[in-house]
Amino acid sequence: MFAGITQQLMINPTYKYFLPAFFCSIICLNIFAQVRLPHLIGDSMVLQRNTTINIWGWAAPAENIIIAFTGKTYHTSAAADGKWFVHLSPMQAGGPYDMQIDASNHITLKNILIGDVWVCSGQSNMVLPMERVKERYPDEIAQANYPGIRQFFLPTVYNFNSEQDDVPPGKWQAANQQTVLSFTAVGYFFAKALFDKYHVPIGLLNTSVGGSPAEAWLSEVALKAFPKQLAALQQCKDSLYVDSIKKKDNATSAAWYKNITDNDKGLHGDLLWYDTSYNAANWQTMQLPGYWGDNDATLKGVNGVIWFRKEINIPAEMADKPAKLMLGRIVDADIAYVNGIQCGATTYQYPPRRYNIKEGILKPGKNIIVVRVISNVGNGGFVPDKPYTLAANNETINLIGTWQYKLGTTSNPLGPSTFFQYKPTGLFNSMIAPLLNYGVKGVLWYQGESNTSEPKEYFSLLPALIHDWRRQWHNEKLPFIYVQLPNFMEEQQQPSESNTAILREAQRKALVIPNTAMAVTIDIGEWNDIHPLDKKDVGNRLALAAEKLVYGEKNLVASGPLYQSMKVTGNKVVISFTNTGGGLVAKGGDSLQYFAIAGADKKFVWAKAIIQNNKVIVWNDAVQNPVAVRYAWADNPAKANLYNKEGLPASPFTTE
C-alpha cells in the first residue's frame, strides 16, 4: 500500500512538498501505536497489597488497552496525549503472577508479587550497597536467597525544569548471592527483618543519591517556603548557566590533574617510582596509617602527590597465590602497585581500598608495595583505625608500621566543583515524581549529613519534605521512618557546640508529625568514617519502628528512650522519658555518661546523672540554679550510655 501511495506522490509534483510530512505521520503513528510501559512496570515487580494498584503507560491516542491479571480483565483507552491509566482491584499478598497487556502489541509481565513496597531514599548511607559491607557480613551474603525481597535501583538523574514521567531503564531484581551485592544495605536488612517475621514480599525502590541535601528532594511547590533554595532552583533552570559551570569545572579539574601528572617526578625519569628496580634508599620514613601533615611538618597543608613504599617478605605458602590488599581509606585518591604491577585505583576518599592481586604477582621473599597518593585539598594520608593488610592462602600480613615516602609534586588545592545533583528540586523531579503513581507502603529516609553546615534549616526542611511527599502520593498518613545521624568524628573532651547535634535535635523534634518514627544510631557509627559499616543494626532498628508504626505491633518497644520533660528541684533536674520499655539502664555500668548541665549563663559543664524511679536525675554542685540539660550533645558522643532494658539507645536531646 505504502509503495503505491509513494509512487502517486512522486509522479504528481504538486504533492512533493507533502511527502516528508506524510512519511513522518506514518512513522510517528507506527511508533505511538505500540503500548509502552514505564520502566517501573516490568517483570518481577512488587505491587503494593491491600490498595488500588495503578498500571499506566503510553499508546496512540484513543487506542484500546486490555489488561488481564489474576482472573480479572480491565479496559481503558489512551487519552488525546497518548497517556492511559488503569486501576486494578486491591489484592492480598501473594504471587508470583503474570500480567497480560493487549493493544496493538502484546506485553506479558512475568513473576509479579503482591506485597509491601518501601521507598528507600536519602544520601550515601542509604545508597551504600551490600558490596561495600561484604567483609562484615559474609554469611548474610552467602545465605541471601530471598526471591520475595526485590529492589528497583534508580541511577542518579536530575531535572530542574519539569517533573519527569519515567525513570531511566532499570529492572526489578530478587535478592540472591549475586544480586544482593547491589542492594541498599540498610534497605536489605530492613526488608529481611520484615520478611522473616511476616513472610510478605518486600519491594525496595532504591532512589537515593550520595551527598544529596534534603532540598534536592523537595518539589518546586514545597520549595516556595524556602526563598534561598527557590532562587537557586530558578538559576539552575537556565541550561546555559548550568552548561557553562560544568564546562568551567571540567576544565579546571582536567588542568589540575594534567599539571600533577606532568610534574610528578615519580612518573618521569629512567625508572618510575613503582618499578621494582627503582632504588628508594634515600626516601624518608613515617608511620602509617596517619596523615602526612601530622607526621612531617614540611608536608603540612601540602597538596599534590606523595608516593609511599613498603617492602615485605612473603612466605612460600603465600607466593603466587591470588591475594587481597586492604589499604583502609586514603585521602583523597590513590593508585596501588604490587611488584610494579598496578592492582587497584580509587578516585575519591570514601570507598574502602580493597584491591585484588592476581595469581602469580606475589613472589617468595621480598615484595614491594607502592601507593601513589593524590591529595587535592586538605590533609592527605591514610585514615587510622582501618584495616591495612595483605592476605593470601589464609595468611595475613599486617601493613601497619613504617613506610617510606617521597614527594612527587606539589600543587595548589583543587577548587570546588558544582554538583548540580545537589541543587534544589532536581532529584525530586527525576527520582521521586516518576514514582508517584506507584503504590507504596511507606518511606525509609537516611539523610542529613549534607545539611549539617546549616543545621537549623533542618527543623523546617525535614517536616516540609515529609508533608510534601505525602501530598504528592495523595496519602497524608504515609508512614515516614528515618535514621537519626550516627556518631562521627573525634570525641570532644568537654561539652561543646555541634552542628550534627543540632541536626539530630531537628530529627528528634520531627517525631511530633503523626505516623513518623526514628531509628537512633549514635552507638553504631565510626569516628573516622561518615559511612559506618554497621548497616544491619540500622536496618533492624528501622524494621522495629515499622513493626510498631505500620504492622500493628502496638506493644513492641521499638525505640530507645525519648526526652519528654524536665523539672527543676533545687540544684537538680529531673528528666522524664517516653519509650522506657522495661526500664532505664546505664549500659556498661552504674554511671550515666555524657549529660551536661547549664545555669542561666548557658555554659554547659559535665554533670552527674543517676537513674531513679525510671527517671534521670542530673546535677553539678557548681550549678546551683540549673536551667537546661543536654545529653549526648556532640558530633561523636562515644560514651553516651542511656538505654532501655530492650537494648535501644536514648536519643540525644537538649531541654532548651
Side-chain angles (χ1 to χ4, degrees), residues 121-126 209 211-233 235 416 419 422-428 445-469 480-490 492 494-513 516-522 525 530 562-566 594-598 600-604 627-637 640 650-656:
S121 193
Q123 57 183 107
S124 52
N125 275 305
M126 183 62 82
V209 175
S212 57
E215 57 266 28
W217 299 98
L218 282 174
S219 71
E220 184 171 359
V221 171
L223 211 64
K224 292 178 180 178
F226 304 93
K228 181 178 68 174
Q229 287 87 344
L230 184 62
L233 170 61
Q235 190 176 40
F419 295 94
Y422 302 162
K423 295 297 184 181
T425 300
L427 296 180
F428 174 87
W445 178 253
Y446 193 164
Q447 192 278 333
E449 297 93 336
S450 290
N451 286 98
T452 53
S453 60
E454 297 185 55
K456 292 182 179 179
E457 285 189 340
Y458 213 71
F459 285 87
S460 301
L461 282 170
L462 181 57
L465 185 135
I466 295 170
H467 293 307
D468 185 30
W469 285 18
F480 199 101
I481 307 174
Y482 51 92
V483 179
Q484 191 183 52
L485 292 187
N487 51 309
F488 174 53
M489 295 186 282
E490 292 188 8
Q492 299 298 310
Q494 296 298 324
S496 59
E497 298 303 319
S498 163
N499 282 1
T500 300
I502 294 172
L503 193 132
R504 289 195 195 107
E505 183 74 349
Q507 293 175 314
R508 184 184 69 85
K509 289 199 169 184
L511 290 172
V512 300
I513 302 171
T516 60
M518 180 179 74
V520 178
T521 62
I522 58 163
I530 200 170
L562 295 172
Y563 168 71
Q564 182 180 41
S565 63
M566 65 170 279
Y594 243 98
F595 278 87
I597 196 167
D601 59 2
K602 294 296 181 72
K603 292 181 179 179
F604 283 88
V627 299
V629 168
R630 287 175 175 176
Y631 170 69
W633 193 266
D635 297 331
N636 182 12
S651 168
F653 67 88
T654 178
T655 66
E656 297 165 278

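Hydrogens, waters and symmetry mates play no part in the numbers below; they use all other heavy atoms, side chains included. Predicted model, so just to flag it, every value in this text is computed and none were measured.
Across every non-hydrogen atom of Ala634 and Ala501, the tightest pair is N-CB, 3.8 Å. Closest of all the heavy-atom pairs between Asn636 and Tyr594 is O-OH, 3.8 Å.
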Test log, rule side-chain contact (heavy atoms from CB on, under 4.5 Å), inputs Trp633 and Phe604 = CA-CA 10 Å; Trp633 193 266; Phe604 283 88; over 6 Å; no
Pair Gln507-Leu503, side-chain contact (heavy atoms from CB on, under 4.5 Å): steps then yes or no = CA-CA 6 Å; Gln507 293 175 314; Leu503 193 132; 3.7 Å; yes
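We find the OG1-OH distance between Thr655 and Tyr563 to be 5.0 Å, quoted to the nearest 0.5 Å.
Checked by atom type, the side-chain pair Ser498/Asp635 shows a donor-acceptor distance below 3.5 Å.
Judged by distance alone, with hydrogens and angles left aside, the side-chain atoms of Ser450 form a donor-acceptor pair with the main-chain N or O of Gly211 at under 3.5 Å. A side-chain donor-acceptor contact under 3.5 Å links Ser212 to the backbone of Gly122. Looking only at distances, a side-chain donor or acceptor of Trp469 sits under 3.5 Å from a matching main-chain atom of Trp217. Distance alone, capped at 3.5 Å, places no donor-acceptor pair between the Ser651 side chain and the Leu562 backbone. For the pair Gln484 (side chain) and Thr521 (backbone), a donor-acceptor distance under 3.5 Å is absent. Judged by distance alone, with hydrogens and angles left aside, the side-chain atoms of Arg508 form no donor-acceptor pair with the main-chain N or O of Met518 at under 3.5 Å. A distance-only check finds a donor-acceptor pair linking the side chain of Asn487 to the backbone of Gly525 [under 3.5 Å]. At least one donor-acceptor pair under 3.5 Å links the side chain of Asp468 to the backbone N or O of Ser219. At distances below 3.5 Å, not a single donor-acceptor pair connects side-chain atoms of Glu220 with backbone N or O atoms of Thr425.
Taking the six-membered ring where tryptophan is involved, the planes of Phe595 and Tyr631 are tilted, since the angle between them lies from 30° to 60°.
Residues satisfying the side chain to side chain donor-acceptor pair (under 3.5 Å) criterion with Gln235, sequence neighbours excluded, are Tyr241.
Here the rule is side-chain hydrogen bond (donor to acceptor under 3.5 Å, both in side chains) with Asn451, and of Glu449, Glu454, Gln447 only Gln447 fits it.
By the neighbour-count criterion of 12 heavy atoms within 6.0 Å, atom CD of Glu490 is sparsely surrounded, having that number or fewer from other residues, nucleotides or ligands.
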